[in-house]
Every structure is written in C-alpha cells, then in structure tokens.
Amino acid sequence: MTKPPVRVAVLVSGGGTNLQALLDAFHTSSLVRIARVISSRAQAGALERARRAGVPTVMLRDPGDAAELLAALGDAQLVVLAGYLKLVPAPVVSRFRGRMINIHPALLPDFGGAGMYGHRVHAAVLASGATESGVTVHLVDEVFDRGEILAQEKVPVLPEDTPESLAARVLEAEHRLLPRVVLELARRIG
Ligand code: GRF
C-alpha cells in the first residue's frame with residue numbers, strides 16, 4: 001500500500017521565494033505535500049503564492065501564542081521556516097523537535113541570531129571581509145539560528161559585491177538546498 005505524502009507546513013513572513021521553490025519542487029510529488037502556509041504578517045507576499053497554488057493559508061494573530069500556532073499547524077508532520085522572522089514558542093518547538101527546520105542566508109554559526117536577517121546578514125558578511133558565504137538549513141530549537149545544522153551550501157563573496165548582489169547569489173543557493181533537505185527528511189519521516 002502506497003504511503004500518503006508527508007504533510008508539510010511552511011511558516012513565512014516575507015515575499016516567499018523559498019516557499020515558491022518548495023511549491024515548484026513538490027507540486028506533483030507523491031512523497032511531499034505542502035499542506036498549509038502560515039504567516040506572521042498579513043502583507044507577506046508568500047500568502048499570494050500559496051493562494052495561487054491552491055494551498056490553504058493561516059494568518060497568525062499572535063505568533064507568540066503557542067496554542068494558536070499548534071492549532072494552525074494541525075496535523076503537519078514536518079515544519080519549514082522559510083523567511084519566518086518570529087521566535088517559535090517553546091511548547092511548539094518541543095512538539096516538533098527534530099521535525100522543524102529553518103533556512104538562514106549565511107554559514108552558521110556565524111552571522112546568525114536575533115535581529116540577523118535579510119540585508120543585515122549580508123552587510124555583516126561583507127564587513128567581515130569573508131571570502132565565502134552561503135546558506136544553512138538547521139533544526140529549530142528555542143534560540144534563533146542555534147539548532148543542529150543539517151546542510152550548508154557555500155557561495156563565493158566577490159570583491160565588487162554589495163549586500164544586494166550577495167543576497168541574490170545566496171538566495172539561488174537557498175532555492176536549491178531547501179527542497180533537497182525537505183525531501184531527505186520526508187523520506188525519513190514518511
Ligand atoms: C531568505 O534569504 C531566507 O534565508 C531568510 O529570509 C529571506 C526570505 O526569503 N530567512 P523569501 O521570503 O523566502 O523570499
């Protein structure tokens with residue numbers, strides 16, 4: 001008997017290009033189903049991408065409310081934070097320990113932590129003089145960007161880079177790496 005696809009919930013706050021990479025990668029998959037998209041912001045462009053793909057959406061009133069977030073997650077088996085800017089409440093982290101991942105646009109453990117998101121990350125990488133940057137997918141725990149690293153992909157930092165050009169190069173790597181890690185985890189969970 002064929003197993004049903006693993007139900008994935010995606011948490012978002014922004015434009016949703018990582019969500020789009022997941023929707024594109026799995027729209028005909030028998031292993032992974034993007035079952036719902038949950039946002040911390042009503043204006044998040046990611047919500048429109050979900051609606052276009054026919055995926056149910058939830059807008060959180062209070063992202064800090066564990067009961068509300070658990071209800072929104074419902075029967076999800078795997079949770080993906082894709083450009084989600086809020087700290088996940090501890091009871092939710094406990095419920096999904098080992099089955100909740102986040103993507104971060106730098107090579108953790110460097111250039112991570114509270115307040116380190118978007119443009120700031122890439123500006124900090126350039127200011128440090130680093131010659132490479134990249135993307136990290138890690139398990140989510142009770143502290144921003146600290147959980148066990150599952151996968152990374154490196155990209156070069158070019159002398160002429162600006163935070164915008166570096167962000168664009170890292171985002172391409174994000175869109176390659178995130179679906180790959182989700183598929184690997186779905187194979188383990190499913
Ligand atoms: C990405 O760089 C992601 O790593 C970070 O937020 C950015 C948002 O991207 N957490 P998007 O909303 O998926 O386009």
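Throughout, residue positions are numbered sequentially from 1 according to the sequence presented. Basis for what follows: all heavy atoms, side chains included, without hydrogens, waters or symmetry-related copies. All figures in this text were calculated on a predicted structure; none of them were measured in a lab. Indexing begins at 1, ligand by ligand and atom by atom, following the structure's order.
More than 12 heavy atoms of other residues, nucleotides or ligands shown are found within 6.0 angstrom of CZ on R97. Surrounding CZ of R169 are more than 12 heavy atoms belonging to other residues, nucleotides or ligands, all under 6.0 Å away.
When hydrogens are left out, the protein atom nearest atom 13 (O) of ligand 1 is N18 N, 2.9 Å; that is the closest non-hydrogen contact. Considering only non-hydrogen protein atoms, atom 14 (O) of ligand 1 sits nearest to T17 OG1, 2.6 Å. Nearest protein heavy-atom neighbour of atom 7 (C) of ligand 1: G83 CA, 4.5 Å. Protein heavy atom at the shortest distance from atom 2 (O) of ligand 1 is E174 OE2, 2.9 Å.
Between D62 and K86 there is no salt bridge, since no side-chain nitrogen of the basic residue lies less than 4.0 Å from a carboxylate oxygen of the acidic one.
By the 3.5 Å distance cut-off applied to N or O atoms, G16 is counted among the residues near ligand 1.
Atoms of ligand 1 found under 4.0 Å from any heavy atom of I103, numbered from 1 in the order shown, are 4 (O), 10 (N). Residue G15 has at least one heavy-atom neighbour below 4.0 Å for each of these atoms of ligand 1: 12 (O).
One hydrophobic cluster holds both V55 and V6 under the rule that ILVMFWY side chains link at heavy-atom gaps under 4.5 Å.
Judged purely by distance below 3.5 Å, without hydrogens or angles, the side chains of H175 and T17 pair a donor atom with an acceptor atom.
Within the 4.0 Å heavy-atom criterion, the part of L171 lying near ligand 1 is the side chain and not the backbone.
Here F26 contributes atom CZ and L183 contributes atom CG; the two are 5.0 Å apart, rounded to the nearest 0.5 Å.
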